[in-house]
Amino acid sequence: MRGQLLASALVSGVMAARPFLNSPDTGIQLVLGDLPAGKLAKLDSIIGLPDFDWAAEHYLPDRNYTYYRNGAAGEYSYRNNLEVFHRYRFKPRVLVDISDVESTLPTTMLGHNVSAPFFISPCARADYGSSSSELGLVKGAAEGGIIYIPSHYAHLSIEEIHAAKAEGQVVFQQLYLTSNDTVTQQEIDRSEKAGADAIVFTVDSAADGNRHRAARYGVGSADSDYSAFTWTYYQKLQKMTSLPVIIKGIGSVADAKLAIKYGAPAIVLSNHGGRQLDDSPSPLEVAIEIYKEAPEVFKKIEVYADGGIRYGGDALKLLALGVRAVGVGRPMMFANIFGTEGVAKAVKILKHEIAIDAGNLGVADLKKINPSYVNWTPTNWAN
Ligand SMILES: Cc1cc2nc3c(=O)[nH]c(=O)nc-3n(C[C@H](O)[C@H](O)[C@H](O)COP(=O)(O)O)c2cc1C
Ligand SMILES: *[C@@H]1O[C@H](CO)[C@@H](O)[C@H](O)[C@H]1NC(C)=O
Ligand SMILES: *[C@@H]1O[C@H](CO)[C@@H](O)[C@H](O)[C@H]1NC(C)=O
Ligand SMILES: *[C@@H]1O[C@H](CO)[C@@H](O)[C@H](O)[C@H]1NC(C)=O
């Protein structure tokens, strides 16, 4: 009996869930804890992407911060997006000459040169975090040499955002569509005329997002229609524009395969940052499923992924599976409380972390990272 109790205590000890840490404790509270609420931290004091979240929570009115921070329902997907990365351990290799790894950061997205394998995901309403609104994001992306995808529900207009581009800057335009084709054609024409290099068609919000946290402040989901769109509509959409139409919000192997069948040039594995369907899988989980069940998907089209990427190592795990570039949403919106400088710093931080983490993993050339660098059997939480 005693032995049994001890055994079950041990088992429950091993299985005990760790408390969720939105911003893991790396000492920011010790250094900045005395900063009065409503005050903006010094940009110099920001060390990693989670620090931008801390600074925004400290600085912004609760309503504004909540709009960005919110996840769907009990926020299980929101938390899982962040935590799931840490259930997979690296398999580092040593004594590899990685001295040139930084020079291997640049890649291409649909043929466009980018300085690193990540981009800024489309997030609505940058005015909740900054008076310069989307300008900080478009300019920060230019400075960092990465692609920005403005949201259709941005504060500034499509024209205003694209007009702020640097020369030659590549910007993809996200669109939310309705069943009114006249309006859709207008929005596409505006995007083309403004100089968008691709359309990003978001498909993971077919119905309203169930947003408890945000609803408390009246900043819940904006789209209230039940969508009637099908793959046939996607085909029609492709005929309405000469631009490539990327599908954002793929959450299953079956749909990744359908995207190929219907001629998508690229897809974004995404659960909308855990803001739509709670318990939808994280992009990492979907990428692992694709790797196991249909690895050819990564070769046939460009696969991007977003949700929960906060560290260089997170990006590396997705890249290892064959994801071409990863998107960063909330951290960029939080970095934008510092405007262009903040966004540019966020880009710099992630580039540096990807390079040094790749180095410590023994990856000399990021293009050659592959699934063998990660143990794809998940560990449990007690560690
Ligand atoms: C405040 C906010 C607004 C968003 N608005 C949009 C949007 O307008 N269109 C869209 O396709 N995705 C939208 N998303 C989803 C993001 O593009 C992206 O999938 C998600 O933020 C990635 O997760 P991360 O925030 O953990 O990086 C939004 C996300 C946030 C946090
Ligand atoms: C993209 O990069 C390649 C290789 O570095 C280079 O040859 C090409 O000119 C670049 N294209 C643009 C548009 O900058
Ligand atoms: C908070 O959001 C509102 C838009 O709802 C905006 O007008 C205001 O400037 C934001 N506050 C800050 C500090 O950015
Ligand atoms: C579609 O939008 C156009 C332009 O706003 C409008 O004139 C038209 O009445 C709309 N059609 C329907 C069926 O609602």
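First listed ligand is number 1; within each ligand, the first listed atom is number 1.
When non-hydrogen atoms are compared, ligand 1 lies under 4.0 Å from the side chain of Arg275 (C-beta onward) but not from its backbone.
Close contacts between ligand 1 and Gly307 involve ligand atoms 22 (C), 23 (O), 26 (O) [criterion: under 4.0 Å to a heavy atom]. The Thr202 neighbourhood of ligand 1 comprises atoms 10 (C), 11 (O), with distances under 4.0 Å to a heavy atom of that residue. Near Asp306, the atoms of ligand 1 lying under 4.0 angstrom from a non-hydrogen atom of the residue are 17 (O), 18 (C), 19 (O), 22 (C). In the vicinity of Gly308, heavy-atom distances shorter than 4.0 Å reach the ligand 1 atoms 23 (O), 24 (P), 26 (O), 27 (O). Atoms of ligand 1 lying under 4.0 Å from at least one heavy atom of Gln174, given by number and element, are 7 (C), 8 (O), 9 (N), 10 (C), 11 (O). Which parts of ligand 1 touch Ser270 is read off a 4.0 Å heavy-atom cut-off, strictly below it: atoms 19 (O). Ligand-side atoms of ligand 1 in range of Tyr68: 1 (C), 31 (C), range being under 4.0 angstrom from any heavy atom.
Side chains of Asn22 and Tyr78: a donor-acceptor N/O pair is present below 3.5 angstrom, by distance only. Side-chain N/O atoms of Arg324 and Thr108 include a donor and acceptor closer than 3.5 Å. With no hydrogens or angles considered, no side-chain donor-acceptor pair links Asn180 and Thr178 at under 3.5 Å.
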Requested in this report: Mind running side-chain contact (heavy atoms from CB on, under 4.5 Å) on Met332 and Ser121 for me, showing each step along the way?
Outcome: CA-CA 8 Å; Met332 292 298 180; Ser121 288; over 6 Å; no
**Report entry** CA sep, side-chain torsions, deciding dist, call: Asn70, Tyr217, side-chain contact (heavy atoms from CB on, under 4.5 Å)
**Finding:** CA-CA 11 Å; Asn70 167 79; Tyr217 295 90; over 6 Å; no
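Of the protein's non-hydrogen atoms, Lys248 NZ, 3.0 Å is the one closest to atom 12 (N) of ligand 1. Protein heavy atom closest to atom 16 (C) of ligand 1, with residue, atom name and distance, is Pro122 O, 3.3 Å. Scanning the protein for heavy atoms near atom 3 (C) of ligand 1, the closest one is Ala124 N, 3.3 Å. In terms of protein heavy-atom proximity, atom 21 (O) of ligand 1 is closest to Gly329 CA, 3.7 Å.
Among Arg69, Met332, Arg330, the residue whose heavy atom sits closest to atom 24 (P) of ligand 1 is Arg330.
Protein neighbours of ligand 4 below 4.0 Å, counting non-hydrogen atoms: Asn180, Val183.
Ligand 1 has no N or O atom lying under 3.5 Å from any N or O atom of Gly327, backbone or side chain. Where the criterion is an N or O separation shorter than 3.5 Å, residue side chain and backbone included, Ile309 fails it with respect to ligand 1. Polar contact check, Ser151 against ligand 1: a nitrogen or oxygen pair lies under 3.5 Å apart. Residue contacts with ligand 1: Arg310 is placed with a nitrogen or oxygen under 3.5 Å of a nitrogen or oxygen of the ligand (distance criterion only). Considering backbone and side-chain atoms together, Val328 places no N or O closer than 3.5 Å to any N or O of ligand 1.
Ring geometry, Tyr233 versus Phe229: the interplanar angle falls under 30°, so the pair is classed parallel (tilted spans 30 to 60°). Using bins of under 30°, 30° to 60° and over 60° for the plane-to-plane angle, the ring pair Tyr311/His86 lands in the perpendicular bin.
By the 4.0 Å heavy-atom criterion, Arg125 is excluded from the residues contacting ligand 1. At least one heavy atom of His272 sits closer than 4.0 Å to an atom of ligand 1. Close to ligand 1: Tyr176, with a non-hydrogen atom less than 4.0 angstrom away.
Taking the centre and axis of the six-membered ring of Phe85, the NZ or CZ atom of Arg87 falls outside the cone set by 45° and 6.0 Å. Annotation: cation-pi pair Lys317/Phe90 present, NZ/CZ under 6.0 Å from the ring centroid and within 45° of its normal.
Contact check for Met240 versus Glu187: no side-chain heavy atoms found under the 4.5 Å cut-off.
Using a cut-off of 4.0 Å between Lys/Arg side-chain N and Asp/Glu carboxylate O, Glu296 and Lys299 are scored as not salt-bridged. The pair Arg69-Glu57 does not meet the salt-bridge criterion, since no charged nitrogen lies less than 4.0 angstrom from a carboxylate oxygen. Using a cut-off of 4.0 Å between Lys/Arg side-chain N and Asp/Glu carboxylate O, Lys236 and Asp181 are scored as salt-bridged.
In this structure, Phe334 has its ring center under 6.0 Å from that of Tyr65. A distance below 6.0 Å separates the ring centres of Tyr67 and Tyr128.
The closest donor-acceptor contact from the side chain of Trp376 to the backbone of Pro371 lies under 3.5 Å.
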